[in-house]
Amino acid sequence: MDNHDTLYIAGEAISSRLWLGTSHYASPQQLVQALTQASPGFVTMSLRRQTAQQLNDNGHWHCVQQWLAYSSARILPNTAGCHSAQEAITLARMARQLFGTSWIKLEVIGDDYSLQPNPFELVRAATQLVEEGFQVLPYCTDDLAVAQELVAVGCVAVMPWAAPIGTGKGIMNPYLLSQLRERLDKTVLIIDAGLGKPSHAAAAMEMGFDAVLLNTAVAHALDPITMASAFAHAVQAGRLAYHAGCMAERTSAEPSTSPIDLPFWRHDEGRVS
């Protein structure tokens with residue numbers, strides 16, 4: 001993709017439209033190899049109420065730090081595991097101190113079974129964090145009204161799910177996601193959660209979404225390193241297809257060879273007699 005297609009969020013260039021999480025890998029070395037293959041624009045890291053010393057002792061974080069030092073990716077802390085606005089706000093403040101960034105992926109969970117976000121607490125937390133100078137990227141469902149409210153309070157991007165976290169089901173409701181893309185045409189929209197295959201990521205990019213964020217689909221693959229590369233190629237292919245413009249679907253078949261040279265073509269029946 002050329003430089004004219006660079007993704008910008010809050011006026012800052014993001015190096016890639018594929019973003020990766022850092023959990024569930026078999027080893028820190030496997031994680032780093034996957035990151036190297038994918039070259040993500042953001043790497044997410046969950047604080048989960050760790051102290052600064054615990055964070056430094058975490059082998060995954062140490063390897064991510066080393067990898068980030070020579071890559072063009074950014075760290076994106078998240079508030080995973082929070083169930084209230086105040087809990088998420090507190091964790092975001094801690095993340096800013098420990099990771100040295102005001103970028104935050106905001107998660108406020110409303111249901112422990114589906115991990116569906118709580119829209120009321122999510123908007124409340126987003127409003128406060130924006131006021132405190134954070135660049136807020138909230139994880140939400142495909143609800144248009146909620147997404148519009150998150151944009152209205154100042155979130156720099158909105159991250160609707162394709163399906164519940166970790167399910168790998170792909171895009172479960174293309175109608176609502178297409179509606180989001182159409183109605184929020186000036187907003188950066190990132191598909192976050194539920195993608196399981198590279199084809200799912202390509203489909204999201206073909207719909208015009210600006211980026212995709214995933215974790216489990218790579219970390220739980222039989223070969224995470226190769227899968228990371230596969231997703232990177234899929235995101236590029238989907239973005240190219242979006243710019244190229246996919247053909248319109250048809251309800252009936254149409255021959256790829258013109259029937260004009262077939263002398264007995266009956267146009268009223270659409271077959272050769």
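Heavy-atom basis, side chains included; hydrogens, waters and symmetry copies ignored. Note that the coordinates shown come from a computational prediction; the quantities given were computed from them, not determined experimentally. Sequence positions, counted from 1, serve as the residue numbers for this chain.
Expressed to the nearest 0.5 Å, how far CD1 of Ile89 lies from CD1 of Ile104 amounts to 11.5 Å. Remark: Phe42 CZ to Thr101 OG1 distance equals 7.5 Å, nearest 0.5 Å. Taking OG of Ser84 as the start and CZ of Phe120 as the end, the distance is 15.0 Å to the nearest 0.5 Å. With rounding to the nearest 0.5 angstrom, the SG atom of Cys155 is 9.5 Å from the CD atom of Glu149. For the atom pair CE (Met45) and OG1 (Thr22), the distance works out to 4.0 Å, reported to the nearest 0.5 Å. Atom CG of Leu214 and atom CG of Asp192 lie 9.0 Å apart (nearest 0.5 Å).
Ser178 places a side-chain N or O within donor-acceptor distance of the main-chain N or O of Pro174, the cut-off being under 3.5 Å. At least one donor-acceptor pair closer than 3.5 Å links the side chain of Thr79 to the backbone N or O of Glu107. At distances below 3.5 Å, not a single donor-acceptor pair connects side-chain atoms of His220 with backbone N or O atoms of Ala217. A donor-acceptor pair is defined here as one N or O able to donate and one able to accept, closer than 3.5 Å; such a pair exists between the side chain of Thr167 and the backbone of Pro164.
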side-chain contact (heavy atoms from CB on, under 4.5 Å) evaluation trace for Arg74 with Glu12: CA-CA 11 Å; Arg74 297 165 176 261; Glu12 298 192 33; 2.6 Å; yes
Verdict with reasoning, Val188 to Val156, per side-chain contact (heavy atoms from CB on, under 4.5 Å): CA-CA 7 Å; Val188 175; Val156 296; over 6 Å; no
Test side-chain contact (heavy atoms from CB on, under 4.5 Å) applied to Met205 and Tyr242, step by step: CA-CA 7 Å; Met205 300 305 293; Tyr242 170 70; 5.9 Å; no
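Heavy atoms of other residues, nucleotides or ligands lying less than 6.0 angstrom from OH of Tyr70 number more than 12. More than 12 heavy atoms of other shown residues, nucleotides or ligands fall within 6.0 angstrom of atom CD in Gln148. In Arg183, the CZ atom is not crowded: 12 or fewer heavy atoms of neighbouring residues, nucleotides or ligands sit closer than 6.0 Å.
Using a 4.5 Å cut-off on side-chain heavy atoms (C-beta onward), Val130 and Gln135 make no contact. Side chains of Leu213 and Met159 form a contact here, defined as non-hydrogen atoms less than 4.5 Å apart. Residues Cys140 and Leu150 have side chains in contact (heavy-atom distance under 4.5 Å, counting atoms from C-beta outward). Side-chain contact between Ile171 and Leu177 is present, with at least one heavy-atom pair separated by less than 4.5 Å. Inter-residue side-chain proximity for Val43 and Trp19 is flagged as unmet; no heavy-atom pair is nearer than 4.5 Å. Contact check for Phe209 versus Pro160: side-chain heavy atoms found under the 4.5 Å cut-off. At least one side-chain heavy atom of Asp5 sits less than 4.5 Å from a side-chain heavy atom of Arg17. Counting heavy atoms from C-beta outward, Val235 and Arg239 have side chains that stay 4.5 Å or more apart.
Leu137 and Leu189 are not part of a single hydrophobic cluster, where members link through side-chain heavy atoms under 4.5 Å apart. Placement of Leu106 and Ile165 in two distinct hydrophobic clusters is found when ILVMFWY residues are connected by side-chain heavy-atom separations under 4.5 Å, directly or transitively. Under the 4.5 Å side-chain heavy-atom criterion for Ile, Leu, Val, Met, Phe, Trp and Tyr, Phe134 and Ile9 are members of distinct hydrophobic clusters. At a threshold of 4.5 Å between side-chain heavy atoms, the hydrophobic network of Ile, Leu, Val, Met, Phe, Trp and Tyr places Val136 and Val151 in one connected group. Linking Ile, Leu, Val, Met, Phe, Trp and Tyr residues whenever their side-chain heavy atoms come within less than 4.5 Å leaves Trp103 and Leu18 in two separate clusters.
Counted by atom type alone, Glu132 and Gln128 present one or more donor-acceptor pairs between their side chains at under 3.5 Å. Between the side chains of Asn118 and His83, no donor-acceptor pair is found at a separation under 3.5 Å.
Nearest heavy atom pair, residue Gln37 against residue Ser229, reads OE1-CB, 3.6 Å. Residues Ala221 and Met227 approach most closely at CB-CB, 3.7 Å, considering heavy atoms. Scanning both residues, Arg96 and Gly133, for their nearest heavy atoms gives NH1-C, 4.2 Å. The shortest non-hydrogen separation linking Ala38 to Ala232 is O-CB, 3.9 Å. Ala80 and Leu91 make their closest contact through O-CD2, 4.3 Å (heavy atoms, listed as atom of the first residue, atom of the second, distance). Here the shortest heavy-atom pairing between Gly41 and Ser16 reads N-CB, 3.3 Å.
For the side-chain hydrogen bond (donor to acceptor under 3.5 Å, both in side chains) with Ser23, the qualifying choice from Thr216, Asn215, Thr44 is Asn215, the only one to do so.
Using a 4.0 Å cut-off between charged nitrogen and carboxylate oxygen, Asp210 and Arg181 count as a salt-bridge pair.
Residues passing the ring-ring contact (aromatic ring centres under 6.0 Å, His included) test with His233: none are found, sequence neighbours excluded. Applying the salt bridge (Lys or Arg N to Asp or Glu O under 4.0 Å) rule to Glu206 yields no partners; only residues at least two apart in sequence or on another chain are considered.
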